[in-house]
Each structure stands twice: as structure tokens, then as C-alpha cells.
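Keep in mind the model is a prediction, meaning the values are calculated, not measured. Reminder, nothing fancy here: chain letters follow the sequence lines and each chain counts from 1.
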Amino acid sequence: MIKKIAKSRWALPLTALLLIAAFSPAFGQEASDVVEAVEAVVTAAEPDEDFLALQTQYGVTFDFFTVSNLWTLIAAALVFIMHLGFATLEAGLTQSKNTVNILFKNVFVISMGLLTYAAYGFNGMYPGDFNGFFAVGSPITSADYGNTDFSYGGTGLCMTGWSDFIFQAMFAATAATIISGAVAERIKLPSFMVVGTVVVGLLYPISGSWKWGGGWLDGMGFYDFAGSSLVHAFGGFAALAAVMVLGPRKGKYLSGGRIKPILGHSMPLATIGVFLLFLGWFGFNGGSVLSAAPEAVSLVFVTTALAAAAGALSSILVSWTVIKKPDLSMALNGLLAGLVGITAGADSMGPWAAVLVGAIAGVIVVFAILFFDKIKIDDPVGAISVHGVCGIWGTVAAGIFGGYNVLTQIIGTLSVSVFAFVTTFVLCVIVKATMGLRVSEDEEAEGLDIGEHGQEAYPDFQVASKG
Amino acid sequence: MIKKIAKSRWALPLTALLLIAAFSPAFGQEASDVVEAVEAVVTAAEPDEDFLALQTQYGVTFDFFTVSNLWTLIAAALVFIMHLGFATLEAGLTQSKNTVNILFKNVFVISMGLLTYAAYGFNGMYPGDFNGFFAVGSPITSADYGNTDFSYGGTGLCMTGWSDFIFQAMFAATAATIISGAVAERIKLPSFMVVGTVVVGLLYPISGSWKWGGGWLDGMGFYDFAGSSLVHAFGGFAALAAVMVLGPRKGKYLSGGRIKPILGHSMPLATIGVFLLFLGWFGFNGGSVLSAAPEAVSLVFVTTALAAAAGALSSILVSWTVIKKPDLSMALNGLLAGLVGITAGADSMGPWAAVLVGAIAGVIVVFAILFFDKIKIDDPVGAISVHGVCGIWGTVAAGIFGGYNVLTQIIGTLSVSVFAFVTTFVLCVIVKATMGLRVSEDEEAEGLDIGEHGQEAYPDFQVASKG
Amino acid sequence: MIKKIAKSRWALPLTALLLIAAFSPAFGQEASDVVEAVEAVVTAAEPDEDFLALQTQYGVTFDFFTVSNLWTLIAAALVFIMHLGFATLEAGLTQSKNTVNILFKNVFVISMGLLTYAAYGFNGMYPGDFNGFFAVGSPITSADYGNTDFSYGGTGLCMTGWSDFIFQAMFAATAATIISGAVAERIKLPSFMVVGTVVVGLLYPISGSWKWGGGWLDGMGFYDFAGSSLVHAFGGFAALAAVMVLGPRKGKYLSGGRIKPILGHSMPLATIGVFLLFLGWFGFNGGSVLSAAPEAVSLVFVTTALAAAAGALSSILVSWTVIKKPDLSMALNGLLAGLVGITAGADSMGPWAAVLVGAIAGVIVVFAILFFDKIKIDDPVGAISVHGVCGIWGTVAAGIFGGYNVLTQIIGTLSVSVFAFVTTFVLCVIVKATMGLRVSEDEEAEGLDIGEHGQEAYPDFQVASKG
Amino acid sequence: MKLVKAIIKPFKLEEVKEALSEIGVEGMTVTEVKGFGRQKGHTEIYRGSEYTVDFLPKVMVDVAVGEDIVGKVVEAIKSAAKTGKIGDGKIFVIPIEEAVRIRTDESGEGAI
Amino acid sequence: MKLVKAIIKPFKLEEVKEALSEIGVEGMTVTEVKGFGRQKGHTEIYRGSEYTVDFLPKVMVDVAVGEDIVGKVVEAIKSAAKTGKIGDGKIFVIPIEEAVRIRTDESGEGAI
Amino acid sequence: MKLVKAIIKPFKLEEVKEALSEIGVEGMTVTEVKGFGRQKGHTEIYRGSEYTVDFLPKVMVDVAVGEDIVGKVVEAIKSAAKTGKIGDGKIFVIPIEEAVRIRTDESGEGAI
Ligand SMILES: Nc1ncnc2c1ncn2[C@@H]1O[C@H](COP(=O)(O)OP(=O)(O)O)[C@@H](O)[C@H]1O
Ligand SMILES: Nc1ncnc2c1ncn2[C@@H]1O[C@H](COP(=O)(O)OP(=O)(O)O)[C@@H](O)[C@H]1O
Ligand SMILES: Nc1ncnc2c1ncn2[C@@H]1O[C@H](COP(=O)(O)OP(=O)(O)O)[C@@H](O)[C@H]1O
């Protein structure tokens, strides 16, 4: 995904790269083709003043700009709905006594995420020219955000600054949402709010700037189309850190390595969540084309959908053979794994490569979930496996099937993951030491809904105690 | 929001106003700027026949027309989903014994709303030239609704008549839906159907025509971009009237001013509703630009999202400090309050003004809900506070931060609110006298699902009696 | 709906037909008009190389192509969400002990549908020139799917091959989903997976090719805009066959013709499903225009919405008078009936004809449901009545109100329905003989969630045994 | 000691609880039950087919009390739960041979 | 009077109710319960980890009857609830010292 | 025979079940109940108005046992269910005059 960097001198080559990638018919492609194509586009792209004039004469902007801008906004709305997807998925996979708390956290995260990103994150992540490692953020202003003559983003970016911002802002909150699921049912509300705010407001924009802001990872040719690393691996490893500091839910891991699963309270809610995430992903990946370029957007829709389908089927197959049962929650995680997996290279490979990438992600996620449970990392919704592990896989897969340097891809995804893990770990340790991270044992047993909110999610229904 | 009025001689100046507003970077703006801008656009907008010809030669319409028309349709679909949002929000915030009834009402309202608006409302609300106060409606016909050469709406309106209609129709049903939530759990089904039909079919188009139809409020310079007054305050005060005639639910207000809250039965349903409303609002506000003009639509997306976020956070803050608990239902209402608040001026202010408007709305709504409970106005979902009170705030805020005459704004919003209140009050009194408005005490105790529908919403689950 | 056939010599005339239909103001139209119009467009559509050149000079494709392609993709996303609609509708109208199974089936169906359609169905359904009755499918390749210069689909098709594929693929899975609801609560999971895969992978593309692939039905002038027959009647009659082989749920039909209804467990889930289906239908019908042509798409939005509304109201009216109660589940089915009914002619009639078509569908569906219950065809969700019966009605209605030869319409819809019924019947008989079709009595009593998946949908809630 | 088992209409629970508190009963255990009796259920409808719901929601209140106040307790429940309409419910008195308070090991009347 | 307490399989409730009606029992109270016994629960699976559900859904039927028909009632329940498979359940007979019909103040056998 | 009726804290159910199994009790019936007692409920809040929840979730365990082991059973439950905190609950012992195993027609102690 190429954002404000479009402003920099890399704009055209990268745009070209993007378009080429979209055309790339099959699994890989020669670097040479790319280079030529870059030339091609660079020369082709000199704007013809006459035509621009002709158009603007109607108070109408360059139509391709208008369409692309509109698509980016619609994509932002689709990414927004992913937050409802996360909210219902997390609520469905946790106990009914903690449902109000989960929902509250999700309402908070999207709201906080939008505001912090406007106040600091956006300009910290897209600073224009900077040292490549860190830039201080600043609030968005109205200056030139509304311009429609490319003066905001350069010819590479067919959208207004407003559209660029809102699309990016919807992404930002995702990081904290991923954590929210993993730490569910035991984290103190105020502590979560602090952690979430720091992660979204300060940390996410830093590693984001390394690539999408035109930082050092971008400089070395690292590729992450829509964020397998920058969004998902980041969120997944931040979640891992938080879970490690927080510890597992009481009663999950029994003596002698026995595991007593803590069941989610509503499979329909979980399924609604996954379908909404699937829907939103069309905006997440499709919108990351950053224009309505037909070939790119349509290819991305196809690879995204096929990878998701392959992920669901392969995880069904694996869980059926390994666990002996067609486990719905595994199928749901497999579908998401496929989506996370394709995100880094959705524009860079053909449909059957996408199927392969998704299918492998679906296999990985099942074993990852079993693995983390074995080492007592308690992740109620599987966020670490789905977003963290498959985020790394997706970034590597983009290298393998998308024709990018695999080593560079590995370096990139690891540096982002490690950054997310370390910083979040330190953050959680500090919060734990100062305000405390975990609710009391009694509150955990009684549920956070009563404890933190004094509310019940389903007051009309008779609840069953686990035998 | 400027609709068919675009046909009238005001078309261009107003379109200009709209575009200018969109550009307006910061809090306010000088009337003088506007005037100049108007000139500018008026002159700029003479269509160049050659270009139009060139385009239409492909059986392809003027592309900007095509994009704008498409956006309006997508926006209509987004507004449609708000009706699911209302349905789940209202169902979630009421008891499970009345859930079938709530859902049924919502299915009825959208269906009835679409048909009555097609049969009467649309042409009553957009009569073209009329006395400015009232026009008799008529059914839509196919005549010229399909034209794509501006012959339907004039150069100011880049869409077909069909698109104009369907977008407006989705708005219309909203009014009745707002009432539906406030009168829930005690109103007779047939009586509600009558009230709802009259409100949507006859009353809403009248006050709507005052502004969007080019009536007297429009003449005096009143501004209501997407309907803080014309849709939300209208619905909210119609709801207030209905609730006053109907009376509170049995057992809510105890002797000695004590209040026994009647809990909603599903917080997940309520939360799903609010997220869907948020999503739909991108179409509600974004589509009200009535074109795909990049700067306007993208600014509206940003102000809408930021105001919603600010509303949620400020209401969380207030409820936490005032009620001592982070109340999820208050956070949800706060988010909606922010959306209602920004609706009148979403295109007329910068992002930080939008944050301020939303934040204030989030504070207002909490106190409004507490206030109405104190004076025994029983509104199960907070519709009166969210849509009524914050609708007024939003209209005034558009004046303060959008550079419109505040006095005019106040006159406008009050006349719409008073009109809605008085007419609905009279209507409900008549219905009460003739067919009765309220179900029997026994039915209210047993629930309207069995009483009105002979159905249960959750037959499989064991219900808990309130201790 | 005209798809790849656009490649064939029929492209322009049919495109014209489509556009004309869209303009058709009132109920019917003369064949003569059509002919003239066809001429008109054919001549008008010679592409002006200069303009194309002018545009592509910016690495920007012909804008109308871009917009149309984008709309097709957004429509595909809307059709995708229909699968969540089906999942929640089916889950809501069945018992909580079978909810995991229903959800699992729906996750499987969409995933399997996308992959089989990519591997075989798409090219089997749109083979280009073929014998008109059957063509062997093949996997999609990247060859020319990404072209944006009309080289993929010809001037008649303003989209890339990717967009064409993904839009079609979302349709395909629908067929199996329709069956899934009708056979719910008693079919063996593996057997369903086999049946569903064969139906979506092999059977659906065959009858689909007869019309949309340019086969024999298309040759004889049969018209089915968005699939009242090819998708809905097909799915409905396949479902009928499956139900007949499978038999009713134990305990539904008692001695002496008495019926003991088996209640759905969640009306909110069912209602969410229907609203999501309504939303998705804007993409299902609107996207079937296969371009962003303003008049066609906007007319389709209007007819679709009004038919749905009319279907809901008429079924409410009928159920209220016939069954004496305003039955929510009937209102929901009525709304869907209206949507299925308008699907074949959504682009070919004016708004009031659409209202009539929808209203009649709403009446038909109520009696159809009562009828099938009387003859002991046990369809938990009413899929056979909604999709099968109303699918036929819609196809005939397209003839009556859309100006197509009614006899041809009848021949077309019956041949598709009979084909679906016979082939699925044989398929189910074979599956029954080989792997068995139905779960054991004990498993049916205990529920398929425990039996097939070893999981519960709502482990936290106390379940009530039916008295 | 006796176990007073009362089956009442759900919306009467609050009043019964208050009536018992007034006469000094400090504890009770409540169970959601379904009742079948003279009060006939209502017919409901689903997708066109009617069916009757025989079992009506009731609440069962179990109160363990000392011999001495059994009469008062029964009285209190009776007057609090009465609507006079069919379906008001029943009160059964069952002997308790031993009672223990888990927290304190107290037993006998002192445990109640 | 006696309180006949039967714990049965849920899907047998309908038959038991009819059997009781036939022998003239006009009322009963039903409670959803979970049973633990010789009939072992099944193992379920969630996200890869297995666990056993020991408690199985059962239904408890409480019927207060006069001395005279206790035997008939037990018989009726027994034959109606029997499947012969493990887990059919139990019937306990408990003494009732007093019974009251709330609506009418009737007491003793007349109250049932 | 006796019916030992124990009202305990929900999260103690598992331990009580194990304690009973250990002393050879092969069956029990569990009911979700709401308890009212010395342990006061908490106040909740909804849309700005406070209210108190008097009834707390408890679990009722019914165990039918032979005379001989009643003491042991009560002991087992007591020690397993005790937290020492208010709200631990009660145990009541009620006489059973007859017991029947539906599946086998066995009756008396053998039925348990
Ligand atoms: N013989 C009985 N044994 C146990 N419970 C009974 C018996 N008869 C009635 N009940 C309970 O009392 C409730 C009310 O009884 P019913 O006959 O309907 O009205 P009433 O108590 O006014 O005569 C029933 O719903 C049932 O729960
Ligand atoms: N000692 C007991 N006390 C109370 N309830 C019991 C007892 N033994 C069994 N039950 C109940 O009876 C049900 C069936 O008993 P179980 O031993 O499983 O089969 P069966 O009755 O065929 O021997 C159990 O699920 C439990 O609810
Ligand atoms: N008199 C009683 N009759 C029936 N159940 C009782 C009685 N007293 C208490 N209980 C049950 O025991 C539970 C615990 O009693 P409580 O007084 O709160 O604490 P403790 O048992 O520690 O004194 C109550 O919630 C209630 O369910």
C-alpha cells in the first residue's frame, strides 16, 4: 500500500510497480519487466494541461480523480464496518458475563483511534520527508486537504487529503482492536484504555512510517500492500506481549498440562463478526490500491475472496482430521487467516497463487492456536495466531508469489513484529506497575460486566453455570 | 442538503454555496467570500456543448453525472441499512418479551415509508415552485425520471430522478422509526401503524418542503445540510409528543420519584445497531452532497466520523464522572448524538470544529436522558434526547461553526420541531380517542409479542423473571 | 442480465435492449420500439479512437469503464453480504441446538462456492460460443482478465474479467445456500457438503449457460434480468427435491394432519438476515446492469426497493386476515418474496408495476408456505416458497409487465426449475444410497451441534425444553 | 423445621419477598419453573400453524423456616401472591429433618 | 399428601404430562435441571481442546398428589418416561404435611 | 432415604461434585436458582438510574442417599462448598419415603 509517500520522488515508480503488479498474470514476475514498466508509466504520466483544463472548466474535477476518491471513501466505510466485525467476533468468542465490557472496549477503540490519529498519528505516519525511522506527529489541519488538483498528494494520489486521512484512520484503530480480543475477560478497563491509546496513537504510526511513510523499510524495497505486517502482525505481536504480561484467564490451564476451554457464549455473534470482517476486507485491500484503477482493484477483490475461501476450507480440513471434528470456530479463524495472509500481496499475484497463500494460512492458524494453548498463552479469540503468525506468513508469501525479495520481506515483517512486541511489552509492564493491569479474582469470576460497568449484557436470560 | 430545488433559479448559487462550504477550511467564514464564490461558479458552470457531445457519443453519459448518480444510489443503500440499525438498537434496548413487536414495527415502517413516499410524499416535499408552506403530493411517474442529460434536475443535480427519489425515500422512513423506539413496549400495533403512516406520509414532507423543497425556511437562508432538523429533530419531537400522550411503561416510575430502570435485553443487539447507524450515516451525510464532488464528500466523511467519535468519548467521560460507571448504553447514545449533531453542518466546518460539535452533543445527550427520566418522560431508547435535543443542537452548531446566521438557524429548527410536536400530539390524541393507543396492563406485563403477535422472539431460551 | 455473451454477436442488440428497458416508462412496450432502439445504439457505439487515446494517455482507462467496473465490484461485495443474510436468517428460523451446524454450512458454502466457480463453473457458464446446452468448465486463468480496453468482454461489457468473475461467483454460492435452509436440522453434514458442491459446481452453471451464457434459452428470447429463474427458482426447486428425498423433521407432522410447528430460536437473527438480504439485493439487481449506466441502475434500485416493500405489506395483510395474526416470519418471507419476484424484470418496468409484482409475490408466498406444510414438505425457512415459487412468478411477471413473450418466459422458467429439481433429486438419491443423507433419530433429537460438531452455539444460556 | 415451597406468578415475586422480609424471614431460594394446571395456556402461531403453550412461566420459592412461624410464613406468602385469578399457584409444606449453614457449620434452626 | 419428584429425559415431558392428565392429575410443576449419574456425559471440543460435559439436561417434574393415588402416579410416570436406556431418571416420593391453593385459601388435598 | 438439598455458590459446583463422587455418590441433580439471604446483592446502573439486584445466582444440588451415608454426604458437601465468606449457602435434609429407578423399576435404596 503506497500512501503519502506518493508525494516523494518515489511516487511514480511505485505507482507503476503497483499497476504492473496488478497485471502480473501468474505466480511471480521478472524484475526486469517491472523496471521497463516503471519507465513506461513515468513517461506516460506527464499530465496534459489541456485535458485537465477541459475537465475543471465544469467545476468538475478530473473524473478518474473523482472516481478514485469516491472509492477510497467507500473503502473507508467498509474498513469501518470491520470494527463491528471485531466487536461481534470478540463478544461471541468470550463469556456472556464479559460481553458489555468487550462491546464497550470496541466502541472506545474506534472512537479513540479516529481522534488520536487525527490529532497526531496521521502526520506522524506520513511525515513526507523524514529520517526514515521516526517523525513527530501533529494534528490534521484543513490546509490543502480539500484540494482536488493533485496538489495534496501529487499525481500519484487520486484523492483528497480528507479521503487519505479517513481511510488511514480506519486502519489505525485496528491495531488496538486486535489486542482487545486477546486480553479479553481479565484486563482492567482503564488499563486497557491506556494501553490501547498508546499503541494506536504513538506506536502504530512509527512502524507504519517505516514503509507507508516512505521510511527505511520502503527504502530497502520491502513490500506490504495492505498491511499483513504493518497492521496485522503489528497488532498480533502487540497482543502477544500484552497477554504475556497479563497472564491466562483463571481456570483455563489446569494442573498436568490439561486445558479446560472457556467457551465463547454466542457462535452466531462470532460468525456475524467474521462475515463482516470478510466484507470489510474488500475495502481494506481494495481501497489500498489508492485509486479505482480497474485492473488493480478487481484483481485484489478476486485474490482476497479466493484466499479467504481457501483459508476456511483448509482449516476445516485440518481441524477435521487433527481434532476429529469440523470446528466452526476454527473455520472462522481459518477464513480470517486467509484474509490476513493475502493482505500483503493481494495485488501482486494471480488467483491460484492467492488460493495457495490462503490455504497455507488456514493450516498455519490451526496449529498456531493449538501451539499457543500448549505454551499457556491464553488468547480467547485467536488474535495472535490469526493476525500475528499469519501476518508474517502473508508478508513472506508476498515475496514468494509476488516477486519481491523474500529476505527483505522477512527483515521487514520481523522488524515490525519485534517493534510491536517489545514496545507493547514495556508499556504493559509499566501500566501493570502503576495502575495495575488485571481485575481481581472475584471480579474475573463474577464477570467484568458487573465489576467494571455494573451492567449485564442479557438481563432477561437465565444463565447456566459451567458444570 | 439541496434537492429538486435545483430545478429552480436558485440552483447554481446554492450549489456554489455548497461547494464553497465544503472548502471552508476552518470554523467560520465571511458572507462576502460566499457571494464572490457564487459569482465564480455561476460563470464557470456554463456547460461546454462539445464536451458533452463527445461523451454522449458513446451512449455514455457525462462521467461526472454517472459517478455522482452511482454515489447517490450507494448512499441510499447505506441509509437503508440504518433501518436495520434502528431495528436492532431498539430491540436491544427493550425487553425480550417485546422483541418480535419491535422488529415487526421496523419491517413495517421501512416498507410503508417507501410506498407512501412514492405515492405522495416525494412530490409533496419537492413540488418545484409552490407557496413555500404546503404542497399536495402525488405519485411518482416514470416521466423524465430516467433522463441523464440534466433535464430532470437541472445542471445542479448530477443524478436521475430515480436516484433522487430512492435516496429521499430512505430518509423519510427514518422519522417513524425514531418514534417507534420511544413508544416501544406499550403502544398498540395498529395504532402505531396509523401514527407512523401519517407522520411519514403526510407530516414529514410538509416541514421537509420548507427547506429542501425550496420553501420559506430555504428562502430566509436557513441551512440544514443533511437533516439535523428536518429529519432528526422532526422525529425526536414527534416521538416526544407520542410519549406524552402514551404515558410511561408500567413500573418504571415508582412512588417518591424513585426510578426502576427497565433493562434492555441484549447489549450486543444494541451495539450492532449503533455501528450500523454509524455506517449508514456515511451515506446519510455523504450522499447529501448530492454529487461525488471530491472535496465535499471527503470532508463530510471526516467531519461525520470525528463528530461521532467525539460524541462517544465525551459521553463516556460524562457518564463515568456523573453516574460513576462507564455506561455502555450511554456511550452508544453519545456516539449517535455526535452523528445527529454534525448532520446539519457536516459540509460547512473543519475537522476540529466537528470534534467540538460532536463532543458537546455527547455531553448534552447524557443530561437530556437523565432530565427526561426525571420528568417521567419514558423513552426506552433515548430517541428524544438523541434525535430531538441533539438535532436542535446540531442545527444551531451549523450556524455557529458553519457561518450561517444563528438566529435563522434557531428559527428554523424550532419551527420544524414545534410543527412535528404539535401535529403528532394532535394525531395521537385522535388515535387514542378513536382506536386506543395503549395495550392493556395484562398485555404490557405479559409482553406484546404474545399479545399482539402470538409469537416469541426466543422460544428456546429460559427467561429470568425480574427479582 | 447479460454477461460474457457480450462477446458474441448479440452483444450490442442486447445491451440496447437493456438500456431501452430501463427507459420504458410504464407497464409494457412495443417490440417495434426495441428494434429501433437497437439500431440507434449499434450505430452510436462505434468507439472514437481519439477519445480513448486521450484518456489512456494518463494511464487512466476510459472513465465510464472505470466507474462501471467499480460498481460491479461494489455490487459483488453487496451480494457477498447476502450470504451473511442467509446464514442469520436460517439460524434464526431453526432451533438453537442446530445453530452451529447452520452457521458452519454457510461458511462452507460461500468458501466452496467461490473456489469451485473459479476452478470450473465460471467458464462452464460463460463458454463463449457453445452448443447452447452444455459446456465443460475450466479454471480461470490470468490471461486477459485484467485488460481494461474492452478486449476481455467487448464494448458491451465495461469491466475487467476479474470483476465479471467475482460478481458471478458471489451469485453461484447462492444456490447451495437456498438448499441449506430447506434441509436444515436433519441433514448429515458430509452429505450436505457433497450435494452442495455438486449443485454449485456442476449443475448451476449448466442451466445458467442456457441464458446468461448465450445458450438456447437466450436464443429464443427468454429474459431473466438478475436471476428469478436462473438463481432463485433453480435453488428453490433443488431445495424441493432435497427435502422430498430427505423427509420432514421428526415431530413436525402429527397423526391426523395436525402440524406441530418447530419454532425458530431467534427472531432478531432472522430479521437481521432479511435486512441484509434486502441490502445485498441492491447489488444483486443493481450490479446486474453490468455497468453504471445511470438510468438503468437507478431504475433498478427503485423497482427493487418498492417490490420488497410491497411484498412485505401484502404478506402482512394476508397473514393478518388469513392467520389472524401479524406474523413476523411471514412479513420477512413476504419481503424476500417481493425481492425474488422483481429480480427477473427489475430493469424492465416502471415503479408501480414493480409494486404490483412485489405485492402479488407477497400474497403467493404466504399461501405457498401453508400449502407446502399441508402436503408435508418440511421447509424450516420457507426457501422453496420464497425462491422457488416466487422465482417462477417473477419470471412470468417480467413477461407480463416487461414486455417479453410470456410463453417464452414460462418455457424458460419451467425448464430451469425442472432441470434443478430432477438433477438434484437424482443426486440426493445417490448420496442417500451411498453415504446416507439423514442423521440418526437420537442425533436429530439431541441436535446436530453436539452430534456433528461437538459444540454448542450458546453454552452460557439455560435452554428450555419444549413442553 | 419445614420447607415451605410456594409456586407463584412471576410478577408476584417482589411482593412475596417483601412480605417475607417483613415477618423476619431472612433467606429464600427462587427457581424459574413452568407450571401446568387449571389455568390453561394460550395458543400461539408460527408460520401459519397454531399450537398451544400448556406450560406457563411460574416462580417457585423455597423457604426453610422453624416450626413456630410456618403458619405466619404461609399466610404471608398467600396474601402477597394472591390475585384471585386462576393460576395464582400453590404452597406446600414439607418436613426438614436437618439444616446446616455451610459457612458456619451451624445446624438446626440456627442455621436458617 | 405426597410430592412425587420425577427426574426424566427432556423429550419425555410431553408423554409424562399426557399420562398424568389421563389419570386425572390436573397440575404439575416442571423445572429444567442438569443431571449427573451413571449415564456419562459426552466429550465436546472447542478450539482444539476437548472437555467432557458431565451434566446432562433433564427435566424435573413435581406433582403433589393425595395418598390414595401416589402409586398410580408413580406407575404412570414410570411407564411414560421409560426408554430402557441408561439415564431414564428417578422418581422420589416425599411427604407433604400441608398444601394450600393461594387463589382460594383451600388447604389439604382439596388444594391440589 | 433422604434427599439432601444443598444451595451453594455456582463456582463450587465442580468441587462438590468431585467430593460426592469420592464418597461413592453416583448421582445428583442440579438446578440453577437465585438466592436471597444475608449476603446482600450489588447495585447496578442502567442509563443513569441505579437499582439493586437482591437475588444472587446460586446452584441447588439435590442428592438422594441412603440413611447410612447422610452424615458423610452432608459433611462432604459442607467442606467442599465452604469459602467462609457470607453466602456459602445451606444444606437441608428431607425425608424420602420411596425411590424408583425408571429404567429398571428398581425401588428403595437400590434405586439410588
Ligand atoms: N398437583 C400439583 N403439583 C404440583 N404443582 C401444581 C399442582 N397443581 C398446580 N400446580 C402448580 O400451581 C400452578 C397454578 O395452578 P392452577 O391449577 O393453574 O391454578 P390455581 O392454583 O389457581 O388452581 C400451576 O401452574 C403449577 O405450577
Ligand atoms: N442419587 C441421586 N440423587 C438425585 N438425583 C439423581 C440421583 N441419581 C441419579 N439422579 C438423577 O437421575 C438421572 C438419571 O440417572 P442415571 O444414573 O444417569 O441413569 P439411570 O436413572 O438410568 O440409572 C441423573 O441424570 C440425575 O439427574
Ligand atoms: N431460609 C432459607 N430458606 C431457603 N433458602 C435459604 C434460606 N436462607 C438462605 N437460603 C439460601 O442460602 C443462600 C445463602 O444464604 P446467606 O444468608 O446469603 O449466606 P449464609 O448461607 O452464609 O448465611 C441464599 O442465597 C439462599 O439461596
Side-chain angles (χ1 to χ4, degrees), chain A residues 54 57-61 63 65-67 69-70 73-74 76-77 80-81 83-84 87-88 91 99-100 103-104 106-108 110-115 118 139-143 145-148 159-163 165-166 169 189 266 269 272 452-463, chain B residues 19 22-23 25-26 41 44-45 47-48 51 63-64 67 71 74 78 95-97 263-268 271-272 274-276 278-279 282 286 292-295 297-299 301-302 305-306 308-310 312-313 316 325-329 331-332 335 350-352 355 458 461-464 466:
Chain A
L54 184 65
Q57 183 177 322
Y58 301 89
V60 175
T61 47
D63 286 326
F65 185 102
T66 306
V67 184
N69 183 72
L70 181 62
L73 290 171
I74 292 169
F80 165 77
I81 208 57
H83 290 279
L84 175 55
T88 52
T99 303
V100 168
L103 297 171
F104 186 92
N106 276 276
V107 171
F108 168 77
I110 178 66
S111 306
M112 172 276 294
L114 288 168
L115 290 181
I140 58 170
T141 68
S142 297
Y145 278 66
N147 299 1
T148 61
M159 66 183 68
T160 66
W162 299 126
S163 303
F165 162 72
I166 195 69
L189 180 61
S266 172
L269 271 181
I272 288 173
E452 302 280 279
H453 304 272
Q455 280 175 349
E456 293 170 65
Y458 305 97
D460 284 10
F461 297 101
Q462 181 86 332
V463 172
Chain B
L19 292 170
F23 281 105
V41 177
D48 171 332
F51 188 65
D63 287 326
F64 185 74
V67 184
W71 167 234
I74 292 169
L78 286 169
Q95 301 166 87
S96 57
K97 65 185 180 181
L263 278 59
H265 84 283
S266 171
M267 280 308 167
T271 308
I272 288 172
V274 168
F275 272 88
L276 289 179
F278 194 159
L279 174 69
F282 286 119
E295 57 287 284
V297 180
S298 56
L299 172 67
F301 263 64
V302 171
L306 292 181
L313 291 190
I316 287 174
K325 285 281 185 187
D327 183 324
L328 175 59
S329 69
L332 296 175
L335 195 153
W352 298 108
V355 168
Y458 304 97
F461 296 102
Q462 183 87 328
V463 173
K466 307 295 186 302

In terms of heavy-atom proximity below 4.5 Å to chain A, should [X] be classed as side chain, backbone, both, or neither?
| X | answer |
| --- | --- |
| B:I316 | side chain |
| B:L78 | neither |
| B:F301 | both |
| B:V355 | side chain |

Ranking B:L279, B:V463, B:L263, B:V274 by heavy-atom pairs under 4.5 Å to chain A gives rank one to B:L279
Assert top hit (heavy-atom pairs under 4.5 Å, partner chain A, pool B:A310, B:P268, B:S329, B:S298) equals B:S298
- prompt: How are the rings of A:F80 and B:F278 set relative to one another: parallel (under 30°), tilted (30 to 60°) or perpendicular (over 60°)?
  reply: tilted
Heavy-atom closest pair (A:E452 atom, B:K325 atom, distance to 0.1 Å) is O-CD, 3.9 Å
Residues A:I140 and B:W352: closest non-hydrogen pair is O-NE1, 2.8 Å
So, the part of A:A77 with a heavy atom under 4.5 Å from chain B: the answer is both
Cut-off 4.5 Å, heavy atoms of chain B, and the answer for A:F165 is side chain
Closest-packed option against chain B by number of heavy-atom pairs under 4.5 Å, given [options]:
| options | result |
| --- | --- |
| A:I110, A:L114, A:L103 | A:L103 |
| A:N69, A:L84, A:I166 | A:L84 |
| A:L189, A:T141, A:T88, A:N106 | A:L189 |

Distance (rounded to the nearest 0.5 Å) between [X] [atom1] and [Y] [atom2]:
| X | Y | atom1 | atom2 | result |
| --- | --- | --- | --- | --- |
| B:Q462 | A:F461 | CD | CZ | 11.0 Å |
| A:L115 | B:L313 | CG | CG | 5.5 Å |
| A:L269 | B:I272 | CG | CD1 | 5.5 Å |
| A:L73 | B:F282 | CG | CZ | 9.0 Å |
| A:T66 | B:E295 | OG1 | CD | 8.5 Å |

Applying side-chain contact (heavy atoms from CB on, under 4.5 Å) to B:A312 and not counting sequence neighbours gives A:V107, A:S111, B:L335
Check: For the side chain of A:D460 and the backbone of B:H265, is there at least one donor-acceptor N/O pair under 3.5 Å apart?
Finding: no
Q: Answer yes if the side chains of A:Q455 and B:D327 hold a donor-acceptor pair under 3.5 Å, and no otherwise.
A: yes
Item checked: Side chains of A:W162 and B:P351 in contact at under 4.5 Å (non-hydrogen atoms) -> yes
